[in-house]
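The structure appears below as structure tokens.
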Amino acid sequence: MAKHKKSPEQVEYTSFYHDAFVRLKKDKVAMVCIVFILLLAFVAIFASFIAPYDQSYQDTAHVLSGPSAEHWLGTDEFGRDILSRIIYGSRISLSVGLVAEAIAVTIGVIAGAAAGYYGGIVDTVISRIIEIFASFPHILFAIVIMFVLGTGVMNVFIAIGFVGWTGVARMIRAQVLQLKEKEYVEAARAEGGTDLAIIFRHLIPNCLSTIIVIITMEIPSDIMYEASLSFLGLGVQPPEASWGEMISTARSYLRTNPTYSIFPGIALVLTVLAFNLVGDALRDALDPKLKNL
């Protein structure tokens with residue numbers, strides 16, 4: 001039987017993001033990491049139901065004990081269950097990663113889009129501000145901000161978000177410089193579209209794939225910044241559980257109870273690694289040059 005070719009009207013067209021998702025699904029390592037991140041998010045949301053003990057509960061009969069039937073990963077110097085504190089600590093790590101990155105992306109996207117679209121003096125001023133902020137090591141800048149604002153989760157959000165926007169701004173600026181010359185932007189101007197409408201309706205939405213990759217790649221950095229601040233005693237304060245604070249406290253017991261620092265360290269490494277691998281996979285999946293591969 002003769003095969004009938006499909007007419008142009010019958011050809012199925014798929015969206016850019018659908019094609020990207022198909023490519024992403026082929027990366028088995030990335031899919032495993034996505035499942036891990038989803039499970040971690042589930043654990044963080046329902047920590048109070050999943051954790052065997054409250055994060056502040058003290059079992060004074062089992063202080064600095066190793067893994068046992070009562071405490072699967074052992075206890076700390078106050079008899080608090082390490083597994084429960086790791087579970088509660090996932091809330092801090094994920095919330096810092098998401099909230100701090102939301103702050104950084106918001107500032108960076110607006111600043112980068114304005115610099116790229118307007119150019120001239122606006123671009124010069126914003127670019128010089130970016131250079132000033134980028135000249136300081138991020139962790140050092142975050143430490144200074146924490147000294148000024150004081151400790152606490154909300155201040156950690158602000159400090160990490162405020163120092164992480166420069167990389168976002170640079171990437172968005174570069175992309176907007178290319179996009180503002182496109183035909184659809186000229187058409188929007190011809191139709192009387194305002195600058196704000198063009199930026200927020202046409203330019204920023206077309207930077208969405210870049211923004212998604214930036215968020216995924218920067219979340220693990222934010223998690224590490226929070227762990228570093230908590231490790232130095234400037235971030236989340238006891239009795240609130242934080243992986244960085246747990247690792248810092250466990251330094252005094254490395255010889256007598258090494259598992260105290262090993263388990264929160266493993267949780268931190270696995271989380272950062274999972275986000276990094278997903279970020280790499282998303283970058284490749286959203287690369288238009290790979291569409292036909």
Side-chain angles (χ1 to χ4, degrees), residues 36-37 40-41 43-44 47 51 54-56 58 63-64 66 71 73-101 103-104 133 136-165 167 217-276 279:
F36 174 82
I37 292 171
L40 186 65
V43 168
D54 183 78
Q55 62 178 332
S56 301
Q58 299 180 10
V63 175
L64 287 173
H71 304 282
L73 301 184
T75 59
D76 64 9
E77 72 276 17
F78 297 108
R80 296 175 298 191
D81 185 67
I82 292 176
L83 174 60
S84 299
R85 290 183 64 76
I86 289 175
I87 291 173
Y88 277 95
S90 65
R91 284 182 170 179
I92 298 296
S93 294
L94 290 183
S95 60
V96 166
L98 294 173
V99 176
E101 193 54 32
I103 295 172
F133 272 80
F136 295 95
H138 285 184
I139 186 62
L140 181 61
F141 206 169
I143 290 173
V144 172
I145 294 174
M146 291 303 296
F147 267 119
V148 174
L149 298 180
T151 59
V153 178
M154 292 303 299
N155 291 340
V156 171
F157 292 160
I158 296 171
I160 297 176
F162 196 63
V163 302
W165 65 275
M217 297 290 286
E218 290 299 321
I219 284 177
S221 298
D222 295 340
I223 292 174
M224 287 300 298
Y225 288 145
E226 182 277 323
S228 300
L229 291 172
S230 296
F231 183 87
L232 296 172
L234 298 173
V236 178
Q237 298 298 300
E240 192 109 33
S242 166
W243 295 342
E245 182 272 330
M246 292 176 68
I247 295 171
S248 176
T249 306
R251 288 179 300 168
S252 303
Y253 309 98
L254 282 174
R255 293 184 178 179
T256 57
N257 192 355
T259 56
Y260 184 2
S261 62
I262 289 175
F263 290 124
I266 291 174
L268 180 61
V269 169
L270 289 179
T271 301
V272 170
L273 180 62
F275 274 106
N276 275 323

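What you see below is based on every heavy atom in this structure, not just the backbone, and it leaves out hydrogens, waters and symmetry mates. Residue indices begin at 1 and follow the sequence shown.
More than 12 heavy atoms of other residues, nucleotides or ligands shown are found within 6.0 angstrom of CE on Met217. Other residues, nucleotides and ligands contribute only 12 or fewer heavy atoms inside 6.0 Å of the CZ atom of Phe162.
Minimum interatomic distance between Ser261 and Ile247 (heavy atoms only, all atoms of both residues): O-CG1, 4.2 Å. Contact detail for Pro264 and Thr259: the closest heavy-atom pair is CD-O, 4.3 Å. Annotation for Asn155 and Leu149: closest pair ND2-O, 3.1 Å, computed over non-hydrogen atoms. Nearest heavy atom pair, residue Ile139 against residue Ser228, reads CD1-CB, 3.8 Å. Annotation for Val272 and Ile223: closest pair CG2-CG2, 4.3 Å, computed over non-hydrogen atoms.
Residues Val269 and Trp243 are not in side-chain contact: their nearest non-hydrogen atoms beyond the backbone lie 4.5 Å or more apart. Annotation: side chain of Ile87 is not in contact with side chain of Gln55 (no heavy-atom distance under 4.5 Å). Residues Tyr225 and Val156 have side chains not in contact (no heavy-atom distance under 4.5 Å, counting atoms from C-beta outward). Residues Val96 and Val236 have side chains not in contact (no heavy-atom distance under 4.5 Å, counting atoms from C-beta outward).
Here Phe141 pairs with Phe133, Phe136, Ile145, Val163 under the side-chain contact (heavy atoms from CB on, under 4.5 Å) rule; sequence neighbours left out. Take His71 and apply the ring-ring contact (aromatic ring centres under 6.0 Å, His included) test, not counting sequence neighbours, and it matches Tyr53, His62. In this view, Ser242 and Glu226, Ser230 satisfy the side-chain hydrogen bond (donor to acceptor under 3.5 Å, both in side chains) rule, not counting sequence neighbours. Under the rule for a side-chain hydrogen bond (donor to acceptor under 3.5 Å, both in side chains), Ser90 has no partner lying at least two apart in sequence or in another chain. Listed by chain and number, the residues in a side-chain contact (heavy atoms from CB on, under 4.5 Å) with Arg251 are Phe231, Ser248 (sequence neighbours excluded). For Ser221, the side-chain hydrogen bond (donor to acceptor under 3.5 Å, both in side chains) test picks out no residue, with sequence neighbours left out. The side-chain contact (heavy atoms from CB on, under 4.5 Å) test applied to Pro238 returns Glu245, not counting sequence neighbours. By the side-chain contact (heavy atoms from CB on, under 4.5 Å) test, Asp76 pairs with Phe78, Arg80, Arg85, Tyr260, sequence neighbours left out.
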Can you check side chain to side chain contact (heavy atoms under 4.5 Å, CB included) on Met246 and Ile82, steps first, answer last?
CA-CA 9 Å; Met246 292 176 68; Ile82 292 176; 3.9 Å; yes

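Thr151 contributes no side-chain N or O that, together with a main-chain N or O of Gly235, makes up a donor-acceptor pair within less than 3.5 Å.
The stretch residues 151-165 participates, sequence neighbours left out, in no salt bridge (charged side-chain N to carboxylate O under 4.0 Å, His left out) pair at all.
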